[in-house]
Amino acid sequence: MTTKPMFDLAYTGGFAVGAFNVNNMEITQGIIDACAAEKAPLILQISKGARKYANMTYLRHIILAAVEEHPELPICIHLDHGDTVDLVNTCIKDGFTSVMIDGSHHAYEDNIKLVADAAKVAHAAGVPVEAELGQLGGIEEDVKGLDAEEYAKNLHKFLTDPNQAADFWKRSQCDSLAVAIGTSHGAFKFKHEAKLAFDVVEEIMKTCPGLPLVMHGSSSVPKEFLDLINKYGGAMPNAMGVPEEQIHMAVTKYGVCKVNIDTDLRMALTAKIREVFATKPGEFDPRNYLGPARDAITSMVKRKLHVLNCAGKADAVIAQWKKLGSPVPSYYKK
Ligand code: G3H
Ligand code: 13P
Ligand code: ZN
């Protein structure tokens with residue numbers, strides 16, 4: 001399904017839908033198993049890098065397998081950080097049920113034009129569009145970011161402007177908006193204290209009533225994984241994420257509807273593989289290190305679903321989807 005029935009409920013329901021990045025089968029299964037156990041709606045998101053790494057045909061079939069295994073779950077397939085209308089078009093043809101077009105690093109008017117062009121194409125196919133306004137920090141392959149220190153020093157310059165957000169929404173025709181409120185991509189989000197600009201979220205909720213807000217860069221860099229990585233030969237000194245209490249507050253108190261998580265999945269996977277390699281040097285069966293990594297993803301995602309307060313919301317989302325007339329993008333009407 002699209003994100004529409006999910007956000008309809010999340011907007012006033014004090015919960016957010018987790019948007020988890022997928023790159024292979026084990027990551028997808030780890031996430032799905034957690035959502036099935038917790039009866040939670042979910043967004044599986046695919047970056048341009050994931051398409052390049054795994055090949056879209058493989059990813060599509062892995063996700064279709066998840067849908068087939070779990071018909072009871074509301075699942076959305078979302079393009080993460082799309083950068084061109086061509087890519088948006090391709091993803092719609094690949095069966096994506098939601099797309100992001102990220103023009104946040106372009107000049108304001110160019111961002112509006114890019115999103116408006118993408119929205120025209122996507123809306124014609126029944127696919128909602130996420131846009132981004134303001135700039136996140138962090139450095140991620142294929143995602144233009146800013147150095148954490150430079151970002152922290154100039155934070156006010158990069159945060160989303162609430163009045164500009166209202167103009168942007170009206171003119172771009174986006175359906176949801178990723179906001180810059182102090183989060184950043186990757187594992188090194190803060191140098192000292194983690195702090196988000198909740199006042200900015202509050203203001204945007206006032207200037208843009210009804211617009212679902214999205215938080216990118218929302219991994220918390222769990223200590224249990226960081227410790228394992230550093231203990232077993234990794235080197236991630238001073239990694240720091242957004243504390244889960246702050247994510248919980250953004251969702252339950254300030255109304256954020258979608259929360260993006262990738263780094264924590266990468267860390268769970270890396271930590272467990274490192275642990276197996278270090279403690280069982282003779283191990284060479286991939287099932288015996290990818291299996292524990294998948295399990296670690298499942299238990300971490302289960303916890304996140306409670307942080308996002310979306311555990312137990314699957315049935316309500318399905319009911320909302322049916323109430324809307326069970327809408328699906330045109331790809332699924334073929
Ligand atoms: O925000 C970006 C996501 O973490 C995806 O990263 O482009 O390396 O797949 P990626
Ligand atoms: P993290 O790097 O904090 O996991 O953020 C992921 C993200 O925003 C994907 O779009
Ligand atoms: Zn992102």
Side-chain angles (χ1 to χ4, degrees), residues 3 16-24 27-28 30-31 42-56 58-59 76-84 87 91 96 98-105 111 129-148 151 158 160 174 176-190 194 196 213-222 225-226 229 236 239-244 246-247 250-251 256-271 297 300-301 303-304 307-308:
T3 43
V17 184
F20 300 98
N21 287 73
V22 294
N23 287 276
N24 69 6
I27 296 173
T28 312
I31 297 162
L42 75 147
I43 297 168
L44 292 173
Q45 53 187 14
I46 295 171
S47 68
K48 201 171 147 185
R51 289 181 65 101
K52 193 168 154 206
Y53 169 77
N55 175 332
M56 197 49 222
Y58 285 85
L59 285 177
C76 164
I77 311 170
H78 172 78
L79 166 65
D80 191 29
H81 294 284
D83 55 354
T84 62
L87 179 59
C91 288
F96 282 53
S98 171
V99 291
M100 175 191 196
I101 180 88
D102 179 2
S104 61
H105 47 284
N111 189 0
V129 174
E130 175 184 321
E132 180 168 320
L133 185 65
Q135 280 203 263
L136 270 72
I139 297 161
E140 201 80 50
E141 195 198 340
D142 268 327
V143 177
K144 190 178 174 346
L146 300 156
D147 171 74
Y151 186 69
F158 301 124
T160 307
C174 64
S176 59
L177 186 67
V179 292
I181 58 161
T183 63
S184 57
H185 291 108
F188 302 89
K189 300 182 192 299
F190 303 98
L196 301 187
L213 302 185
V214 179
M215 266 170 64
H216 281 243
S218 296
S219 279
S220 60
V221 183
F225 300 141
L226 188 59
I229 289 171
M236 296 183 72
M240 198 195 288
V242 185
E244 289 182 346
Q246 294 199 27
I247 300 287
V251 168
V256 167
C257 288
K258 173 176 177 268
V259 170
N260 283 17
I261 295 170
D262 187 2
T263 294
D264 288 352
L265 300 165
R266 297 177 182 196
M267 289 188 69
L269 196 82
T270 303
I297 288 176
M300 187 267 291
V301 172
R303 190 183 67 237
K304 294 285 175 190
V307 170
L308 302 179

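When a ligand or atom number is given, it counts from 1 through the structure's own listing order.
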Which residue, His81, Gln45, His216, forms the side chain to side chain donor-acceptor pair (under 3.5 Å) with Glu130?
His216
I need the contact type for Asp80 against ligand 1. Using non-hydrogen atoms and a strict under-4.0 Å cut-off, is it side chain, backbone, both or neither?
side chain
Of Ser218, Gly186, Ser219, the one whose closest heavy atom lies nearest atom 4 (O) of ligand 2 is Ser219
Who gets closest to atom 3 (O) of ligand 2 by heavy atom: Lys189, Glu132, Met100?
Lys189
How would you list, by chain and number, every residue that makes a salt bridge (Lys or Arg N to Asp or Glu O under 4.0 Å) with Asp80, sequence neighbours excluded?
none
Taking only residues two or more places apart in sequence, or in another chain, which ones meet Lys189 in a salt bridge (Lys or Arg N to Asp or Glu O under 4.0 Å)?
none
Just jot down the ligand 1 atoms closer than 4.0 angstrom to any heavy atom of [X], in number order.
{"X": "His81", "result": "1 (O), 2 (C)"}
{"X": "Asp262", "result": "3 (C), 4 (O), 5 (C), 6 (O)"}
{"X": "Ser47", "result": "5 (C), 7 (O), 9 (O), 10 (P)"}

Between atom CZ of Arg266 and atom CD1 of Ile229, what is the distance when rounded to the nearest 0.5 Å?
12.0 Å
To the nearest 0.5 angstrom, please state how far the CD1 atom of Ile27 sits from the CG atom of Asn21.
8.5 Å
What's the NE2-the Zn ion (ligand 3)-NE2 angle here (His81, His185), rounded to 10 degrees?
100°
Return a yes/no value for Asn21: is any of its N or O atoms, backbone included, closer than 3.5 angstrom to an N or O of ligand 2?
no
Is there any N or O on Asn23 that sits under 3.5 Å from an N or O of ligand 1?
no
Under 3.5 Å between any N/O of Asn21 and any N/O of ligand 1: does that happen in this structure?
no
Any Arg266 heavy atom less than 4.0 Å to ligand 1:
yes
If we count only N and O atoms by modelled type, under 3.5 Å, do the side chains of Asp262 and Ser219 hold a donor and an acceptor together?
no
